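What follows is a short report on a single structure.
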Amino acid sequence: MTAARASHALDLENGRVVVVGGGLAAARLCATLRRKKFTGTLTVLSAEHVPPYDRPPLSKAVLAGERDASPLPFDTEKLAVDLRLGVTAVALDTDRRRLETTAGEVEYDALAVATGATPSRLPGEGPQTTLRTLDDALELRKQLVPGAHVVVVGASWIGAEVATAARAAGCRVTCVEFGAEPLSGVLGDEVGATTRGWWTGIDLRTSTGVTSVEPDGVHLDDGTVLPADVVVTGIGVRPDLAWLAGSGVALDRGVLTDTRCRTNVPGVVALGDVAQRWSEHTGSHRLAEHWDEASMVATAAATSLLDWEQGPVHDPVPYFWSDQFGRKLQYVGAHLPDDVLALDRAEDGSLLRATWSRDGLLTAWLGVDLAKELLAARTAVGSPVGALA
Ligand SMILES: Cc1cc2nc3c(=O)[nH]c(=O)nc-3n(C[C@H](O)[C@H](O)[C@H](O)COP(=O)(O)OP(=O)(O)OC[C@H]3O[C@@H](n4cnc5c(N)ncnc54)[C@H](O)[C@@H]3O)c2cc1C
């Protein structure tokens, strides 16, 4: 990210910070700003109708019926936050420092963009469900009844977790995946193939594309039509950037920021799933789209809002997890498709551990039910592969 930025100063006592988005990143940012003695006005605009909550349990415990909610600690009174629910930002004027929202104009001195991401949908007129909000999860859960035919499109993280819940609920599950193996988009075919055995009892159709979802079912690229009671589309997410068009904030697939969450516009930071943050690990701007990033980034974002010129860099070794088919997968680092792969298999031949390296240095580690190795792996990323032994 280019470094040339005009200065920006925020009055600690009387400044007005507006946070757009009411998810994990927003909640953590508000708490951090108050911890850093910011006593000015703090306003959170959230398109949702409920206070911030945690999303990972939605596709796990909530879908499994083990809990109905997953609230985040966010005490608006204690934090003195003006939380405006059901309010969507629709345009941004950075010259006048003003937001246009569905509930009128809002002025700010410093702005945080924390609007997350929106699931991609398939073309077609038929009903399809995506899983992003608590309402999505509660609605989908009602439909996961014994014998229902559930077609899951996408065998990546969300697809695998939904398939897990649907199978456990006694549904008949078909999963259609464009890649050659489950999880192959992120982990590659060789690693993905070692997870295939986990899909027992599910009609898993790989190397198969979906052309559309129509009222008569899911239309596949080989001409097959899969009738379905429920279609769940889990093909990835994208930040919704339309409202930032013409604002002067530099955009790519997400909002471009440096390692301190600063955009090219002084006084405007972006964080969480919406941010395409510079990373020294990969030498590129990356969308992180994981809980750990949205949770840990608040310190850098808050410090930049309070002191534009100096502050801590946020560029940790990336981490995410997924719970699927009774297993916990944990991944640290960031590998490229042509990194050197080493695979360890469990007794049943399925995936146990994978490591990737480049020029002899560990780039990423993935473990299945190996939480006890995680810390060492995280520390070892960037070191010679032997350091992990
Ligand atoms: C079902 C599910 C399971 C997941 N499981 C895992 C997991 O196992 N491991 C993992 O690492 N990560 C997981 N994640 C990812 C993790 O939850 C996200 O990375 C994290 O929630 C991102 O937080 P955020 O605050 O950036 O965005 P969000 O939590 O999406 O919050 C953004 C908020 O902004 C609001 N908003 C959007 N546009 C506007 C606007 N214009 N005006 C006002 N408000 C707006 C949205 O409605 C939303 O409330 C999962 C995500 C989902 C959906």
Side-chain angles (χ1 to χ4, degrees), residues 18-30 43-64 70 72 74 83-92 99-103 106 111-120 129-138 140-141 154 156-162 164-165 186 232-234 236-245 247 254-255 257 261 269-277 287-298 301 318-324 327-332:
V18 173
V19 182
V20 184
L24 174 65
R28 295 280 201 262
L29 178 65
C30 290
T43 305
V44 173
L45 311 177
S46 175
E48 291 195 61
H49 293 273
V50 287
Y53 55 88
D54 216 12
R55 292 185 202 277
L58 301 183
S59 51
K60 304 172 184 72
V62 174
L63 215 49
S70 54
L72 281 170
F74 190 70
L83 173 63
R84 302 187 192 172
L85 296 174
V87 177
T88 303
V90 292
L92 171 63
L99 285 155
E100 204 181 299
T101 81
T102 48
V106 177
L111 179 74
V113 178
T115 45
T118 309
S120 303
T129 300
T130 54
L131 181 49
R132 185 75 193 178
T133 67
L134 180 60
D135 285 349
D136 293 339
L138 294 174
L140 177 58
R141 188 171 85 186
S156 196
W157 309 115
I158 292 287
E161 293 187 357
V162 170
T164 302
V186 185
V232 186
T233 305
V237 296
R238 280 193 88 83
D240 176 5
L241 306 175
W243 67 281
L244 293 167
S247 66
V255 179
T257 77
C261 307
V269 299
L271 63 160
D273 281 8
V274 75
Q276 196 177 342
R277 177 177 60 71
L287 286 165
E289 292 170 354
H290 297 304
W291 188 94
D292 199 56
E293 169 74 16
S295 174
M296 307 302 282
V297 70
Y319 166 69
F320 66 84
W321 79 95
S322 169
D323 297 340
Q324 48 185 273
R327 296 164 169 87
K328 180 174 282 296
L329 278 68
Q330 291 172 298
Y331 176 104
V332 278

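Note that the numbering runs from 1 along the sequence shown for the chain. All ligand and atom numbering here is 1-based and tracks the order in the structure. Computed from a prediction, not measured in an experiment: that's the story for all the values here.
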N or O pair under 3.5 Å between Asp273 and ligand 1: yes
Distance from atom 23 (O) of ligand 1 to nearest protein heavy atom, with residue and atom: Ala294 CB, 3.5 Å
Is a side-chain donor-acceptor pair under 3.5 Å present for Ser295 with Asp292? no
Heavy atom of the protein closest to atom 53 (C) of ligand 1 (residue, atom name, distance): Leu131 O, 3.7 Å
Just jot down the ligand 1 atoms closer than 4.0 angstrom to any heavy atom of Gly23, in number order. 25 (O), 29 (O), 31 (O), 33 (C)
Run the numbers for me: atoms of ligand 1, each under 4.0 Å from some heavy atom of Lys60, listed by number. 5 (N), 6 (C), 7 (C), 8 (O)
If we number the atoms of ligand 1 from 1 as shown, the ones under 4.0 Å from a heavy atom of Thr88 are 40 (C), 41 (N), 42 (N), 43 (C)
Pick whichever of Glu289, Lys328, Gln324, Gln330 has a heavy atom sitting closest to atom 15 (C) of ligand 1. Glu289
Identity and separation of the nearest protein heavy atom to atom 9 (N) of ligand 1: Trp321 O, 3.0 Å
Which residue and heavy atom of the protein sit nearest atom 28 (P) of ligand 1, plus the separation: Arg55 NE, 3.3 Å
Flag the pair Arg55 and Asp273 as a salt bridge only when some basic side-chain nitrogen lies within less than 4.0 angstrom of an acidic carboxylate oxygen. no
What protein heavy atom sits nearest atom 47 (O) of ligand 1, and how far away is it? Glu48 CG, 3.4 Å
What is the nearest protein non-hydrogen atom to atom 4 (C) of ligand 1, stated with its residue, atom name and distance? Pro56 CA, 3.5 Å
Identify, for atom 34 (O) of ligand 1, the protein heavy atom at the shortest distance, and state residue, atom and that distance. Gly21 CA, 3.2 Å
Report yes if some N/O of Ser59 lies less than 3.5 Å from some N/O of ligand 1; otherwise report no. no
When Leu92 is tested against each of Thr101, Val20, Leu99 for side chain to side chain contact (heavy atoms under 4.5 Å, CB included), which residue passes? Leu99
Protein contact to atom 30 (O) of ligand 1 [nearest heavy atom, distance to 0.1 Å]: Arg132 NH2, 2.7 Å
Quick check: Val274 and ligand 1, any N/O pair under 3.5 Å apart? no
